[in-house]
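Input: a single structure, listed below in C-alpha cells.
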Protein chains: 2
Amino acid sequence: MSAQAIRQAAIRLFGRQGYAATPLSAIAAAVGIKAPSLYAHFRSKEDLFRTVFDEAVSVELQELMAAVTPEASVSDGLHRYLRETVGRYEATTHLPFLLRSIYLPPPQLAAHIRERDKVFSAELARRVEQALRGQTAFLPLGMPPDEAALAFIGILRGIHAELLYAGPDAAQRLTQALWRVYARALRPDGR
Amino acid sequence: MSAQAIRQAAIRLFGRQGYAATPLSAIAAAVGIKAPSLYAHFRSKEDLFRTVFDEAVSVELQELMAAVTPEASVSDGLHRYLRETVGRYEATTHLPFLLRSIYLPPPQLAAHIRERDKVFSAELARRVEQALRGQTAFLPLGMPPDEAALAFIGILRGIHAELLYAGPDAAQRLTQALWRVYARALRPDGR
DNA sequence: AAAGGTGCCTAACGTCTGTTAGTCTTCCTT
DNA sequence: AAGGAAGACTAACAGACGTTAGGCACCTTT
C-alpha cells in the first residue's frame, strides 16, 4: 500500500538532491511516517535505491520503444524522442532521477547502475541505427549510418546535460537548434 | 607551502567522488596530515570547496581564451577547443572537478557555483558567436550565427556528458562524429 | 473468539564526520 | 638568545545518519 508511496518519494528526492544528500528520514517524512518504519518495506537504503532505479529504467525503456519504432520515419521517431525527453523531464520524476543516477552514480551503487544501464543503452543504439537505416529506403543519407547514429546519441547527451544544467526551457531551445543541425547534415545534398 | 598540496588533493578527490562523498580526512590523508590540521589553512570544508572551485573556473577560462581567439578560424578555434576539452579531461584534475560541480552541484554550494559559472558561460557564448561571425567574412554560413552558436554549445554539452558517462575514449569518438555533423550543417551548400 | 501477520511507533546504538580546544615543536625574526 | 607566529598533533564534542530491538494497534484468517 504505502510501499508505492515510498518508491515515489524516493525517486523524487533522490532525483532532486542525489542519493548521498537524501537521508531516509526525508523520504519517510514525505510519506508521513518515521525513518525506521521504512524497514518494514525495504531491507536497506541501497535496496530501496536499486528497486526504484530498476523501475525507472524499465519505464524509460518503454518510452523509448513507444517513440522509436521500426516503422516510424526519422523525424517521427528520433526527433519525437528528443522532444518528449525534454517534456518528460519536468512532467515525470523518473527521468531527472535516471539522468542524475546514470551520469554521476553514487560510488557504492555504480556497478549495479552500470549493469542495468547497459541494457538501455544497447537498446537505444540499436533502435537509432535501425531508424536511420530505414530512412535510406526512402532517401539516401548524407553520411554513413553508424556515424549518424553516434552523432544522434551525442546530441541526446547534449540535451541531457542541458536539462541537468539549465532545465527544460533552455533544453527545448537547444533541442530545436541541434535537430536543425542534425537534419541538415543528414541530407545527401545539404539541400 | 602545503596549502597548495591541499588544494590539489581536494580538486582531485572532489572531482572523483563528489563533495559529499569526500570526507576531510581523505583530503588530509592524501597530503599526509590529520583532518584537524586542515583548519590551519581553511576555515571550513565549504570554504575549501569555494577556493578550489574559483581556481578551477579561472584555469578553464584561460584555456578557453587561449583556444578560441577572435583571429582563429572556426575549425582552428571551436574544433580545437572541443578536442582539447577531451584531452584535458584525463590530463588535468580541474576539468573533471569542474564538470561534476557544475552539472550536479552540492545543494548548499549551488548558489556560489552558479554565480561563478555565469561568468564562464557568458564568455563562452560570446566567443563562440564571435568566431562564427568571423567565419562569414570568408564563407557565408548555412544557418543563422546565433542558432549555430547555440548548437555548438549543445555539442559541447554532449561531449561533457559523454566524458562523465563513458570517459575520454568514447568522448573522442563522439567528438569526431559530432564535429563532422556540425561542419556539414554549417556549409551554405551542404557540399 | 483466538491467533497471527502487517505496519507503524519510540528508544537506542554505533559509526562517521565536521569542527573546536589546547598543546607541542619548528623556524624565522628581532 | 628570546619571542612569536606557523603548522602540525591528540582529545573530544556534537550532530547526522543508517540500522536494530522491542512493543503496540489493527485487520484478516481460522
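Letters A, B, ... mirror the listed sequences (proteins, then strands); counts begin at 1.
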Please determine, for the side chain of [X], which listed nucleotide ([options]) has the closest atom?
| X | options | result |
| --- | --- | --- |
| A:Pro23 | C:dT19, D:dC17, D:dT20 | D:dC17 |
| B:Lys34 | D:dG7, D:dC9, D:dT19 | D:dC9 |
| B:Leu24 | D:dT19, D:dA11, C:dG18 | C:dG18 |

Rounded to whole angstroms, how far apart are [atom1] on [X] and [atom2] on [N]?
| X | N | atom1 | atom2 | answer |
| --- | --- | --- | --- | --- |
| B:Ile33 | C:dT26 | CD1 | P | 18 Å |
| B:Phe49 | C:dT19 | CZ | P | 14 Å |
| B:Tyr39 | D:dT10 | OH | P | 17 Å |
| B:Leu38 | C:dT19 | CG | C1' | 11 Å |
| A:Gln108 | C:dC16 | CD | P | 13 Å |
| A:Ile27 | D:dC17 | CD1 | C1' | 12 Å |
| B:Asp47 | C:dG18 | CG | P | 14 Å |

Presence of salt bridge, A:Arg88 and A:Glu60, under 4.0 angstrom: yes
Without hydrogens or angle criteria, can the side chains of B:Arg7 and B:Gln4 be said to hold a donor-acceptor pair below 3.5 Å? yes
Assess the pair A:Phe49 and A:Phe42: is the distance between their ring centroids shorter than 6.0 Å? no
Verify same cluster id: A:Leu156, A:Leu61 (apolar side-chain graph, 4.5 Å): yes
Reckon [X] has a side-chain N or O less than 4.0 Å from the OP1 or OP2 of [N]?
| X | N | answer |
| --- | --- | --- |
| A:His41 | C:dT6 | no |
| A:Ser2 | C:dC8 | yes |
| A:Lys45 | D:dG18 | yes |
| A:Ser37 | C:dG7 | no |

Examine distances only and state if a side-chain atom of B:Arg184 and a backbone atom of A:Arg187 form a donor-acceptor pair shorter than 3.5 Å. yes
